Amino acid sequence: MSTQYPQTRLRRNRFNAFSRNLVRETTLSPHDFIYPVFIIDGENQKQPIESMPGQYRVSLDNLLILAKELIDLDIPAIALFPNIDNSVKTPQGEQAFNPLGLIPKAVRILKKHYPELGVICDGALDPYTSHGQDGIIDGKGYVLNDITIDALCKQAVVCAQAGADVIAPSDMMDGRVGEIRKALDANNFINTQILAYSAKYASHYYGPFRDAVGSSSQLGKADKQTYQMDPANTDEALKEVDMDIAEGADMVMVKPAMPYLDIIYRVKQTFKTPTFAYQVSGEYAMQKMAIDAGVLSSDTILESLMAIKRAGADGILTYFAIDAAKALSKK
Ligand code: PBG
């Protein structure tokens, strides 16, 4: 194939808007978005999250208002993250599988009022542990794989019992997808999906999230490098995805998103399976703060989401879901 000027003028297709619309390869729709939301106990609560301007921790009454907004905007699903009081956090994070806990309560109320909205529950212990790690630790602070999986299975079943459509293990323990699948099936939740955080990196872009769920002070100077992936690696991401698919993951995820577009691309090209990406709290914060400061145009929101989709993501978890859906409806 040889393409030469002046026979070929690539600008010809770009000349008119109708033509740009016709030749566009990637499109965005509200159906591509999942909105992650932080929830708290209480009534009529809407606490601003300082490190994530425009995002709030909401109580369940306000969660219902938000759910209605998502449905009206055609956003298919919500991902729930709890911020619970430090006084109920424990070394083993038992609140994670309390059937009367905040998350199961939220799922029940959402499903009662808006059954059509997909509800995704996180699988990990960090919002519930007194040390802020995603799993149960030994005396040296090392996260123990297999007993953590037992807790994650209980958590998954409790969420499914409450009515969750999707369990999304974000903990990065080896083998957890298979065990969660077995636990769900053993309890007759054969249609509860698993969205695996498969290639989840030990990223500093999660900082604002840890403020939002209130795990950063618990975590202190500790990190998650013994279970989350090294940002330097790519082949390992493919192994992680391969294992999760083999263990029964219905959908896989790469996280963070924009600094890891190469990983999204390789995962989609290699496995051709439903692939999601998480535009994480730090990606949101830096863009949002730059927009609020007048340094960037808010059009960068759709551009960033488009880039993630172009790389191979079928859907995106993004705190911009509502802004982006509104922006799309104006186009
Ligand atoms: C914890 C979890 C994290 C995020 C989702 N689930 C943070 C972490 O691993 O420390 C990050 C999301 C974000 O930054 O927006 N299991």
Side-chain angles (χ1 to χ4, degrees), residues 33-39 49-57 77-84 89 93 95-97 103 120-129 131-137 141 143 145 148-149 151-152 155-156 159 166-173 176-177 180 194-231 240 252-260 276-289 304-305 308 313 316-321:
F33 307 142
I34 295 169
Y35 188 49
V37 177
F38 301 99
I39 58 174
I49 301 164
E50 238 172 83
S51 54
M52 300 176 72
Q55 302 301 312
Y56 302 85
R57 301 182 194 92
I78 191 169
L80 302 175
F81 295 98
N83 178 303
I84 66 166
K89 296 183 184 181
Q95 278 302 318
F97 43 87
I103 290 288
I120 302 173
C121 286
D122 201 60
L125 303 184
D126 54 310
Y128 308 100
T129 51
H131 43 74
Q133 294 288 3
D134 290 22
I136 295 165
I137 56 174
V143 175
N145 200 86
T148 294
I149 291 181
L152 295 173
Q155 181 183 34
C159 291
V166 183
I167 306 297
S170 71
D171 57 290
M172 289 298 280
M173 296 303 109
R176 90 285 204 209
V177 170
I180 290 172
I194 297 180
L195 165 59
Y197 286 67
S198 300
K200 176 173 178 180
Y201 286 85
S203 172
H204 292 101
Y205 287 99
Y206 306 152
F209 172 98
R210 293 179 189 170
D211 288 340
V213 297
S215 68
S216 46
S217 53
Q218 262 71 21
L219 204 53
K221 284 202 163 51
D223 61 47
K224 301 189 177 183
Q225 294 183 53
T226 68
Y227 48 107
Q228 298 179 350
M229 278 187 58
D230 183 338
E240 285 283 2
V252 298
M253 194 201 300
V254 174
K255 179 185 174 192
M258 211 152 70
Y260 294 80
F276 288 76
Y278 199 142
Q279 183 178 54
V280 300
S281 55
E283 294 178 74
Y284 171 82
M286 58 184 188
Q287 215 175 148
K288 175 70 173 160
M289 286 175 177
S304 68
L305 295 167
I308 294 163
I316 306 161
L317 290 92
T318 174
Y319 303 98
F320 284 125

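First listed ligand is number 1; within each ligand, the first listed atom is number 1. Because the structure is a prediction, the values reported are computed rather than measured.
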Does Gln279 reach ligand 1, in the sense of a heavy atom lying below 4.0 Å from it? no
Keeping the roles fixed (side chain from Tyr227, backbone from Asp134), state whether a donor-acceptor pair exists under 3.5 Å. yes
If you measure from each non-hydrogen atom of Tyr284 to ligand 1, which part falls under 4.0 Å: side chain, backbone, both or neither? neither
For ligand 1, indicate whether the residue Asp134 contacts it via side chain, backbone, both or neither (heavy-atom separation under 4.0 Å). side chain
Of the protein's non-hydrogen atoms, which lies at the shortest distance from atom 16 (N) of ligand 1, and what is that distance? Ser170 OG, 2.7 Å
Could you verify whether a donor N or O on one side chain and an acceptor N or O on the other, from Gln279 and Ser304, lie under 3.5 Å apart? yes
Using the ring of Tyr278 (Phe, Tyr or Trp, six-membered ring only), decide whether Lys200 places NZ or CZ under 6.0 Å from its centre and within 45 degrees of its axis. no
Looking only at heavy atoms of Glu283, does any of them come nearer than 4.0 Å to an atom of ligand 1? no
Could you say whether the N/O atoms of Tyr197 and ligand 1 ever approach to under 3.5 Å? no
Does the side chain of Tyr206 come within less than 4.5 Å of Lys224's, by heavy atoms? no
Just by distance, do the side chain of Glu283 and the backbone of Met258 share a donor-acceptor pair under 3.5 Å? yes
How far is atom 12 (C) of ligand 1 from the closest protein heavy atom, and which atom is that? Phe209 CD1, 3.2 Å
Starting from atom 14 (O) of ligand 1, locate the nearest protein heavy atom and write down its residue, its atom name and how far away it is, to 0.1 Å. Ser281 OG, 2.7 Å
Could you check atom 11 (C) of ligand 1 against the protein and tell me its nearest heavy-atom contact, residue, atom and distance included? Lys255 NZ, 2.8 Å
